[in-house]
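Throughout, numbering of the chain's residues begins at 1 and tracks the sequence. Heavy atoms only: backbone and side chains are in, while hydrogens, waters and symmetry mates are out.
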Amino acid sequence: QEDKITYTAEHKRLQRSFDEACKTRDEMNREYQQVKQKLPILYPNHPIICIHSDDYISSWPILAYTDFIGGSPMIATIEKNGTVMKVSSLGAEPQSLVRDGIEYIWQGDKEYWFRRAPLLFPMIGPTKDNKIRCGGKEYDMPNNGFARDTEFTLVSQESDSVTFRLEDSEESRSRYYPYGFVLTVTYTVSEDGYEAKAEIEAKDDLWYTFGWHPAFSLDINGKGTDLE
């Protein structure tokens, strides 16, 4: 599969070209060996091939975008009286909310911020050295948690709502977050917006923070609106 590996680089603002951003092939190979063991937990349903550039924190890749072999995140489309919402299974993240031809969700312009409306779990913000310590053991913890870069499972979908779920695994508990949890996220679209609901089930003692981080387009104030 090595000949099929696509090396991709992601800088915070993606302002540099691939050639400028990437490290040498040998450096990329070494980093790939370091991080590839961590990727299955993020995308358990997909064989992943991805490498990113110099934006590493504790060898955790900034997963701005990923190349898939034989698949990609599922996009669920829900609608209510002309308002259409799209939600990705990757991070259970809203991708689009359109009403009367106006896009309300920020479209992830990579020059500024590649995300759109991520959820933050089990951590909001960074930790020291992107690590946490529990019971005397140290674990990796990326900025704003790992849920936003993890493939969720589709639980149910109706015409105007969709529910995704993320559950701990043996690997997540041993490498990243030593707690048992079930995170269930439901989006329900209405005629004039949407509702986001999160339920967090603790299988045992659970220490976490949770947050929504939606970004909205200035076009909701009129096409081409400038920021004052």
Side-chain angles (χ1 to χ4, degrees), residues 1 5 7-12 23 26-68 73 88-93 114-115 117-155 163-185 197-213:
Q1 297 293 325
I5 290 180
Y7 293 93
T8 61
E10 180 62 62
H11 187 264
K12 289 178 182 177
K23 299 180 180 179
D26 287 344
E27 289 173 329
M28 295 290 280
N29 274 325
R30 283 195 294 271
E31 291 191 352
Y32 174 69
Q33 295 303 322
Q34 292 175 5
V35 303
K36 70 178 182 179
Q37 293 182 344
K38 296 182 178 181
L39 297 177
I41 183 177
L42 299 176
Y43 298 90
N45 300 322
H46 299 281
I48 299 303
I49 46 172
C50 74
I51 281 294
H52 298 280
S53 67
D54 52 2
D55 234 356
Y56 274 88
I57 303 176
S58 302
S59 297
W60 192 286
I62 304 299
L63 295 171
Y65 61 87
T66 307
D67 290 328
F68 291 84
S88 173
S89 59
L90 177 57
E93 181 178 2
F114 60 82
R115 299 185 189 273
L119 61 83
L120 315 181
F121 178 85
M123 189 65 59
I124 297 176
T127 59
K128 181 175 173 56
D129 299 323
N130 275 20
K131 301 283 187 180
I132 60 173
R133 181 173 291 275
C134 305
K137 183 178 178 181
E138 195 171 72
Y139 300 84
D140 288 328
M141 180 57 66
N143 185 32
N144 286 323
F146 54 78
R148 63 181 182 169
D149 291 316
T150 304
E151 184 80 0
F152 280 58
T153 299
L154 176 66
V155 176
T163 298
F164 289 98
R165 180 169 295 156
L166 177 64
E167 188 168 0
D168 69 284
S169 66
E170 180 179 351
E171 186 170 15
S172 72
R173 292 190 300 271
S174 64
R175 292 189 175 188
Y176 308 108
Y177 185 64
Y179 301 110
F181 69 90
V182 180
L183 170 60
T184 304
V185 179
K197 177 182 178 181
E199 295 181 358
I200 301 170
E201 175 187 342
K203 296 182 178 179
D204 42 41
D205 290 342
L206 186 62
W207 300 87
Y208 71 92
T209 54
F210 179 90
W212 305 105
H213 197 326

Exercise for the section: Find the distance between CZ (F210) and CD1 (I200) and round it off to the nearest 0.5 Å. Expected result: 5.5 Å

Problem - Distance (rounded to the nearest 0.5 Å) between E199 CD and T184 OG1 - result: 6.0 Å

Practice task
Look at atom CH2 of W212 and say whether more than 12 heavy atoms of other residues, nucleotides or ligands are closer to it than 6.0 Å.
Solution key: yes

Practice task
May I ask you to test the R175-D140 pair for a side-chain heavy-atom distance under 4.5 Å?
Solution key: no

Handout entry: Y139 and T127: CA distance, side-chain angles, deciding distance, side chain to side chain contact (heavy atoms under 4.5 Å, CB included) verdict
Key = CA-CA 11 Å; Y139 300 84; T127 59; over 6 Å; no

Fill in the blank from the handout: Of all heavy-atom pairs linking N143 and N130, the shortest is N-ND2, 3.5 Å

Problem - Euclidean distance, Y176 OH relative to M141 CE, rounded to 0.5 Å - result: 10.5 Å

Practice task
Side-chain contact test, heavy atoms from C-beta onward, threshold under 4.5 Å: evaluate it for R115 versus D149 and give yes or no.
Solution key: yes

Completion exercise
Looking only at heavy atoms, the pair that brings L119 and A147 closest together is CD1-CB, 3.7 Å

Problem - Within 6.0 angstrom of K197 NZ, more than 12 heavy atoms from elsewhere - result: no

Problem - Residue list, side chain to side chain contact (heavy atoms under 4.5 Å, CB included) with E138, at least two apart or on another chain - result: K131, R133

Problem - CZ on F181 to CD on E201, rounded to 0.5 Å - result: 11.0 Å

Practice task
Answer yes or no: are there more than 12 heavy-atom neighbours, outside D205 itself, under 6.0 Å from its atom CG?
Solution key: no

Handout entry: Check: I124 main-chain N/O paired with T209 side-chain donor or acceptor under 3.5 Å
Key = yes

Fill in the blank from the handout: CZ (F152) and OG1 (T163) are apart, to the nearest 0.5 Å, by 12.0 Å

Exercise for the section: Name the orientation class of the two ring planes belonging to F121 and F146 (parallel below 30°, tilted from 30 to 60°, perpendicular beyond 60°). Expected result: perpendicular

Exercise for the section: Answer yes or no: is there a donor N or O on one side and an acceptor on the other, between the side chain of E167 and the main chain of V182, under 3.5 Å? Expected result: no

Exercise for the section: Write down the atom of L183, the atom of A198, and the distance for their closest heavy-atom approach. Expected result: CD1-CB, 4.4 Å

Handout entry: Non-neighbouring partners of R148 that pass side chain to side chain donor-acceptor pair (under 3.5 Å), sequence neighbours left out
Key = none

Practice task
Report yes if the side chains of Y179 and P122 come closer than 4.5 Å at any heavy-atom pair, otherwise no.
Solution key: no

Fill in the blank from the handout: In terms of heavy-atom contacts, A92 and F164 come closest through CB-CB, 4.0 Å

Exercise for the section: Using distance alone, with no hydrogens and no angle criterion, decide if S89 and E151 have a side-chain donor and acceptor under 3.5 Å apart. Expected result: yes

Problem - Sidechain-backbone polar pair: S172 side chain, D168 backbone, donor-acceptor under 3.5 Å - result: no

